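These notes are about the structure you will find just below.
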Amino acid sequence: LAGGYDPRLRENVEHLGELRAEAAALGLGGSVSFVPSFTDEQRGALLAAASAVLYTPQGEHFGIVPLEAMAHARAVVACDSGGPRETVVSGETGHLCEPTAEAFAAAGEGLLYCGQAARMGRAAREHVRASFSRRAFGAR
C-alpha cells in the first residue's frame, strides 16, 4: 500500500497504524508492504509492478494519482465522486464504484480476468494522451 503521508498529521499516523494492525490481524503482515511516502523513482517502480491502481479518496478534487496511473498504462479503480469522474472512463480505463470495500473488491476482482487490467491499462494510456497531454491541452 502506497500513498502520501505526513507524520505531523495525527489522522495520518492513526490511519497507518490501523492499516498495519488490520493486516497483522488478518495474518497478512508479511504479505503487505506499506510505503507511506515515496520518491519519484519509487513511484515509477510501484506503478511498473502494479496491475492496477486503487484510488480510495471520496469527493477528491481533480487528483493527479489516477492520471499518473493511467499514463503508466494502469487501470484505475476509484470512488464514483469528485475528480475521478473527470478522468476515469468507467468500464474503459478502469472502474468507478461506490466507496465500500465490497464495491472495490468486486471491481478489483474483475480486473484479474481475461487480461482486463492490461486491456483497460492500454485504453487508459491512450485516454491520457488524447485528453490530458500537453498536446491535448494546447489544442483547446
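Here the structure is a predicted model, which means the values were calculated and not measured.
A donor-acceptor pair under 3.5 Å links the side-chain atoms of Gln42 to the main chain of Thr39, judged by distance alone. Under a 3.5 Å cut-off, the side chain of Arg122 and the backbone N or O of Ala73 do not form any donor-acceptor pair. In this structure, Ser81 contributes its side chain and Gln58 its backbone to no donor-acceptor pair below 3.5 Å. Arg125 contributes no side-chain N or O that, together with a main-chain N or O of Met70, makes up a donor-acceptor pair within less than 3.5 Å.
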Anything under 3.5 Å between a donor and an acceptor, one on a side chain of residues 11-24, the other on a protein residue two or more places apart or in another chain? List them.
unit_1: Asn12; atom_1: OD1; unit_2: Asp6; atom_2: N; d: 2.8
unit_1: His15; atom_1: ND1; unit_2: Glu18; atom_2: OE1; d: 3.4

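Listed by first and then second residue, the ring-ring contact (aromatic ring centres under 6.0 Å, His included) pairs that reach into residues 78-125 come to none, sequence neighbours excluded.
In this structure, Glu98 places its CD atom where only 12 or fewer heavy-atom neighbours from other residues, nucleotides or ligands lie under 6.0 Å away.
Counting all heavy atoms, side chain and backbone alike, Ala75 lies closest to Gly94 at CB-CA, 4.3 Å. Nearest approach of Pro66 to Val76, heavy atoms of both residues: O-CG2, 3.8 Å. Taking each heavy atom of Cys79 and Leu96 in turn, the nearest pair found is O-CD2, 3.7 Å. Considering all non-hydrogen atoms of both residues, Ser37 and Gly4 come closest at OG-C, 4.5 Å. Nearest heavy-atom pair across Arg74 and Ala48 is NH2-O, 3.0 Å. Taking all atoms of both residues into account, the shortest heavy-atom contact from Ser51 to Ala117 is O-CB, 3.7 Å.
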ask   = When you look at Val53 and Val77, which way does the side-chain contact (heavy atoms from CB on, under 4.5 Å) test go after all the steps?
value = CA-CA 6 Å; Val53 171; Val77 177; over 6 Å; no
Residue pair Val35, Tyr5: steps toward the side-chain contact (heavy atoms from CB on, under 4.5 Å) verdict = CA-CA 9 Å; Val35 186; Tyr5 178 78; over 6 Å; no
query = Stepwise, does the side-chain contact (heavy atoms from CB on, under 4.5 Å) test hold for Met120 with Glu92?
reply = CA-CA 6 Å; Met120 286 184 160; Glu92 293 180 30; 6.0 Å; no
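Separation of atoms OG (Ser131) and CD (Glu86) is listed at 12.0 Å; rounding is to 0.5 Å. Distance CG/Leu1 to OG/Ser33: 8.5 Å, rounded to 0.5 Å. Between the NE2 atom in His72 and the CG atom in Leu46 there is a gap of 10.5 Å [rounded to 0.5 Å].
Two residues are said to be in side-chain contact when any heavy atoms from C-beta on lie closer than 4.5 Å; Cys97 and Asp80 fail this criterion. Val88 places none of its side-chain heavy atoms less than 4.5 Å from the side chain of Tyr55.
Taking the six-membered ring for Trp and thresholds of 30 and 60 degrees, His127 and Phe132 have ring planes more than 60 degrees apart, a perpendicular arrangement.
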